[in-house]
Asks: 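Quick one: structure below, then a few questions.
These numbers come from the heavy atoms of this one structure, side chains and all, not from hydrogens, waters or symmetry mates.
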Amino acid sequence: MKKPTRTELDAMVAEATVDAYDEHEQLDAFHTVIDDRLALPFDTTVLGATATVTAIQLRPGSGIVALCKRGRYRQRIGILDLPLPEPAPEGWAWVEAYRHWTP
């Protein structure tokens, strides 16, 4: 995946938050865009183990999280703490736009 430029990230942030008026609405907007555009499921490595990201959720107090699954175990991990999978799934640029937006 080619890393988006600052200009591209700024445009993506503007697109995601166009109708959002405060920080909470902007977070909701980013959740919606990431949930809609990030191809699921995909595998990544968490603490040295392969895990499958099966869903994206908005959790009070945690922001946007990825629901990771490995066997019978489930764990929510902040989307910004999730290692970049190789190859990156389609729509990962929206996670990068969210990272760019997050203070």
Side-chain angles (χ1 to χ4, degrees):
M1 176 189 94
K2 175 185 147 286
K3 186 170 178 155
T5 66
R6 184 174 187 85
T7 301
E8 291 169 331
L9 292 171
D10 287 341
M12 292 171 79
V13 168
E15 180 182 341
T17 61
V18 66
D19 291 326
Y21 296 104
D22 63 22
E23 188 174 306
H24 298 289
E25 287 184 10
Q26 291 172 352
L27 180 61
D28 286 340
F30 264 108
H31 170 253
T32 299
V33 168
I34 292 171
D35 192 43
D36 287 347
R37 298 189 184 179
L38 183 60
L40 296 175
F42 64 86
D43 290 339
T44 191
T45 302
V46 178
L47 297 174
T50 300
T52 302
V53 176
T54 59
I56 302 299
Q57 300 174 334
L58 184 58
R59 305 280 297 179
S62 299
I64 300 173
V65 298
L67 180 59
C68 300
K69 174 181 128 179
R70 183 168 193 262
R72 64 183 177 94
Y73 299 102
R74 308 285 185 275
Q75 178 71 45
R76 288 176 181 86
I77 298 175
I79 193 89
L80 298 180
D81 296 326
L82 200 63
L84 173 63
E86 190 59 45
E90 185 174 330
W92 186 263
W94 288 99
V95 175
E96 295 302 324
Y98 173 56
R99 182 183 319 279
H100 180 69
W101 171 80
T102 303

Asks: Quick one about Thr50 and Asp43 (side-chain donor to acceptor, distance below 3.5 Å, no hydrogens or angles considered), yes or no?
Replies: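 Asp43 vs Thr50: no donor-acceptor pair found between side chains.
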
Asks: Measure the spacing between CG of Leu84 and OG1 of Thr45 and express it to the nearest 0.5 Å.
Replies: 10.5 Å

Asks: What orientation do Phe30 and Trp101 show, parallel under 30°, tilted 30 to 60°, or perpendicular over 60°?
Replies: tilted

Asks: Which atoms form the tightest heavy-atom contact between Leu40 and Ala55, and what is the distance?
Replies: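 Result for this residue pair: CD1-CA, 3.8 Å.
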
Asks: In terms of heavy-atom contacts, does CZ of Arg99 have more than 12 from other residues, nucleotides or ligands at under 6.0 Å?
Replies: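 Yes - once you tally the heavy atoms of other residues, nucleotides and ligands closer than 6.0 Å, there are more than 12.
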
Asks: Should the pair Arg37-Glu15 be classified as a salt bridge under the 4.0 Å nitrogen-to-oxygen rule?
Replies: yes

Asks: How close do Ala93 and Pro4 get, counting heavy atoms only, and between which atoms?
Replies: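 Heavy atoms of Ala93 and Pro4 come nearest at CB-CG, 4.0 Å.
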
Asks: Do Ile77 and Cys68 have side chains that get closer than 4.5 Å, going by heavy atoms?
Replies: yes

Asks: Answer yes if Ile56 and Trp92 sit in the same cluster of Ile, Leu, Val, Met, Phe, Trp and Tyr residues linked by side chain heavy atoms under 4.5 Å apart, and no otherwise.
Replies: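 Ile56 and Trp92: one cluster.
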
Asks: Could you walk me through whether Glu8 and Thr5 pass the side-chain contact (heavy atoms from CB on, under 4.5 Å) test, one step at a time?
Replies: CA-CA 5 Å; Glu8 291 169 331; Thr5 66; 3.2 Å; yes

Asks: Nearest 0.5 Å, please: how far is CZ in Arg76 from CD1 in Ile64?
Replies: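 So the CD1 of Ile64 and the CZ of Arg76 are separated by 14.5 Å.
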
Asks: Got a second to check how far Ile79's CD1 is from Thr102's OG1, nearest 0.5 Å?
Replies: 11.0 Å

Asks: When you measure from the side chain of Arg74 to the backbone of Gly71, do you find a donor-acceptor pair of N or O atoms at a distance under 3.5 Å?
Replies: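 Confirmed, Arg74 side chain pairs with Gly71 backbone.
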
Asks: Does Arg70 reach the side chain of Thr52, with side-chain heavy atoms less than 4.5 Å apart?
Replies: no

Asks: For residues Leu67 and Leu58: do they belong to one hydrophobic cluster (side chain heavy atoms under 4.5 Å, members Ile, Leu, Val, Met, Phe, Trp, Tyr)?
Replies: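 Shared cluster, no.
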
Asks: Decide whether Phe42 and Leu80 are clustered together by the hydrophobic rule: side chain heavy atoms of Ile, Leu, Val, Met, Phe, Trp, Tyr closer than 4.5 Å, transitively.
Replies: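 Yes, same cluster.
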
Asks: Rounded at 0.5 Å granularity, tell me how far CE in Met12 sits from OG1 in Thr17.
Replies: 12.0 Å

Asks: Is Val13 close to His100 at the side-chain level, that is, under 4.5 Å between some pair of heavy atoms?
Replies: yes

Asks: Please tell me if the side chains of Thr44 and Val53 come closer than 4.5 Å, counting only heavy atoms from C-beta onward.
Replies: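 Side chain of Thr44 against side chain of Val53, heavy atoms only: contact under 4.5 Å found.
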
Asks: In terms of heavy-atom contacts, does CD of Glu25 have more than 12 from other residues, nucleotides or ligands at under 6.0 Å?
Replies: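 Buried by this count: over 12 neighbours within 6.0 Å.
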
Asks: What's the shortest heavy-atom distance between Val46 and Ala51, and which atoms?
Replies: CG2-CB, 4.3 Å

Asks: With clusters defined by side-chain heavy atoms of hydrophobic residues (ILVMFWY) lying less than 4.5 Å apart, directly or transitively, does Tyr98 cluster with Leu38?
Replies: yes

Asks: Heavy-atom count around Gln57 CD within 6.0 Å, excluding the residue itself: above 12?
Replies: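 Count over threshold, so yes.
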
Asks: Give the cluster check for Leu82 versus Leu47: same hydrophobic cluster or not, with ILVMFWY residues linked at side-chain heavy-atom distances below 4.5 Å.
Replies: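 Yes, because Leu82 and Leu47 connect within a single hydrophobic cluster, where side-chain heavy atoms sit under 4.5 Å apart.
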
Asks: Compare every heavy atom of Ala16 with every heavy atom of Ala29, then report the nearest pair and how far apart it is.
Replies: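 For Ala29 versus Ala16, the nearest heavy atoms are CB-O, 3.1 Å.
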
